[in-house]
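Notes follow once the structure below has been shown.
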2 protein chains.
Amino acid sequence: MDALPGRNNGVADELLQYSRSGDDVKITESVFDSHETIFFEGDPSDRVYEIVDGVVMLYKLLPDGRRQVVEILGAGDIFGMASSDLYDTSAETLAPATIRHTVRRQAEQSEGWQQHMYTKLLHQLEDMHEHAVLLGRKSAFERVSTFLMKFVIDRGGVGCVGPKLDAPDESLVTLKMTRQEIADYLGLTIETVSRVLSTMKKRGLIVMPKQDRILIKNVCGMCHMTGMHE
Amino acid sequence: MDALPGRNNGVADELLQYSRSGDDVKITESVFDSHETIFFEGDPSDRVYEIVDGVVMLYKLLPDGRRQVVEILGAGDIFGMASSDLYDTSAETLAPATIRHTVRRQAEQSEGWQQHMYTKLLHQLEDMHEHAVLLGRKSAFERVSTFLMKFVIDRGGVGCVGPKLDAPDESLVTLKMTRQEIADYLGLTIETVSRVLSTMKKRGLIVMPKQDRILIKNVCGMCHMTGMHE
DNA sequence: CGATCATTTGACACCGGTCAAGTTTTGTGG
DNA sequence: CCACAAAACTTGACCGGTGTCAAATGATCG
């Protein structure tokens, strides 16, 4: 999966910028492989993280093992803030990632940082609102369509320009999530995700040259299957 | 529905406290009846609101009318912040409410306000994570149980003390939402909510002296049906 | 090339949605 | 306070979309 389009995939300099107000603030940059755990739900929330590059998912587990992926974050996004002294989710990379971290207490003492967080958290909250609609009210087909559209840049949003006329309206999406992770994000089972993709293939809506490459043949058509248009 | 337990139901003085940094900041306090709309999704997001008293829901609609209630807010909670210049949800009172508002641009210019928002938004985000688990992974029975437990103060949380032994572990909940609103919050239909409550009644888990009064006969037992314990 | 894991596909069950009555509650006017 | 209408809620019958379980197929990596 490529970094999510839409906002701040630029240089990740927020921690650097805002943590300097203290005296000996240490910023550490680490490289993670794909599917490495950064922290677990319930761990002491003593660090905040910023994604320089890569993809990270936040998820929660129920005691019987059911999992819900609650957020998918990309370059420029920040995570690890917590309202208690424990993380409320686990964090795991979905793709190789470069991630900076610093001490949460220090970051939070910086006024500028908290102001920056205001913007970041608002975005995250609005994304969660949208995702709640998906989880609570959309069919399996609509969920997968919405998911695929997330990775099509500059399309499907409020200011969607629509397809260029008399040109194929295609877009190639490269997934960096397994079917299980997609299912856990969309509130479905792995089998349902697979079946929906197969149906889309059968109907000529997508082509799948590899399991993790999906060519959307008609972006505008796909967009109208998300339940969000018309 | 009573104000949600758990955090900041005290005096709502945040707007007052933090908006004073500008010179002629105007704070307006209004009284709303039950089921009055405060703003609609897509309206210009020029005000921020603080609940002094009452209950407010935020919801989103799909074009075909499907509705998802994404947040339920009580005294001390703040809403109307937006990352764009349009509200991403509609806001409507669930109970008679006293609500303060001020100009968003003015509030956001206040450093202290943004810092305060950091804490507020973190809480809201964590609530949304929890709600995503409910919407994505819980059965109808678990959803309704979880919903009812929201209104039982000091129980079911991480530090749950459990029931007092040799005493009935009861709790009376007064709902301020219609079945339709509960359904739209839990991602169910009105009929399913009704059926689950009837089943709980049949099993002696609850007593319903009125449609909006639910006496939980065994809080600890109810808590174990939320899917969150063992 | 074989072992292992991920994905797809099939058969079937069942939870929760849909549609359609009933029933209870609420609100209004006399 | 009652009569009536309207709204909210409950209940039943039925069905369809997803989940479950199992097997087959395809991908990946020594």
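Reckoned from all heavy atoms, side chains included, excluding hydrogens, waters and symmetry mates. Throughout, protein chains are lettered first and strands after them, A, B, ... in sequence-line order, and every chain is numbered starting at 1.
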**Asked** Is there a donor-acceptor pair closer than 3.5 Å between any side-chain N or O of B:R137 and the backbone N or O of A:R66?
**Response** no
The residue among B:E92, B:E71, B:E41 that forms salt bridge (charged side-chain N to carboxylate O under 4.0 Å, His left out) with B:K60 is B:E41
Across all chains, not counting sequence neighbours, the side-chain contact (heavy atoms from CB on, under 4.5 Å) partners of B:A132 are A:Q68, A:V70, A:M128, A:L135
As a check of understanding: the bend across the helix from C:dC1-D:dG30 to C:dG30-D:dC1, end axes from five pairs, rounded to 10 degrees, works out to 50°
Residues 202-213 of chain B vs side chain to side chain donor-acceptor pair (under 3.5 Å), sequence neighbours excluded, gives none
Between CD1 of B:I190 and P of C:dA20 the distance, given in whole Å, is 16 Å
Hits for side chain to side chain donor-acceptor pair (under 3.5 Å) against A:T93, two or more places apart or cross-chain, chain-then-number order -> none
Outermost contacting nts on DNA chain D, any atom under 4.0 Å from chain A heavy atoms, listed 5' then 3', are D:dT18 to D:dT28
Residue set satisfying salt bridge (Lys or Arg N to Asp or Glu O under 4.0 Å) with A:R179, at least two apart, ordered chain then number -> none
### Task
Report yes if some heavy atom in the side chain of B:R100 is under 4.5 Å from a heavy atom in the side chain of B:T28; otherwise report no.
no
Residues passing the ring-ring contact (aromatic ring centres under 6.0 Å, His included) test with B:H224, sequence neighbours excluded, are B:H229
Open item on the list: Any side-chain to backbone donor/acceptor pair from B:T146 onto B:E142? Under 3.5 Å, distance only.
Closed with: yes
Side-chain heavy atoms of B:T174 within contact of B:F151, under 4.5 Å
no
note: A:E181, atom CD; C:dA6, atom C1'; distance rounded to Å ~ 11 Å
At 4.0 Å (heavy atoms only), tell me whether B:T178 reaches a base, stays on the sugar-phosphate, or touches nothing. sugar-phosphate
Residues at least two apart in sequence or cross-chain that pass side-chain contact (heavy atoms from CB on, under 4.5 Å) with A:V207, listed by chain then number, are A:P209, A:L215, A:K217
Sorted by chain and residue number, the salt bridge (Lys or Arg N to Asp or Glu O under 4.0 Å) partners of A:K138 (sequence neighbours excluded) come out as none
Residues in residues 198-212 of chain B with a heavy atom under 4.0 Å of DNA chain C, by number, are B:K210, B:Q211
Those residues at least two apart in sequence (or on a different chain) that pass side chain to side chain donor-acceptor pair (under 3.5 Å) with B:R67 are B:D184
N/O-N/O pairs, protein side and nucleotides 13-17 of chain C side, under 3.5 Å:
{"residue": "C:dG16", "atom": "OP1", "partner": "B:A140", "partner atom": "N", "Å": "2.8"}
{"residue": "C:dG17", "atom": "OP2", "partner": "B:T189", "partner atom": "N", "Å": "3.4"}
{"residue": "C:dG17", "atom": "OP2", "partner": "B:T189", "partner atom": "OG1", "Å": "3.1"}
{"residue": "C:dG17", "atom": "OP2", "partner": "B:T192", "partner atom": "OG1", "Å": "2.3"}

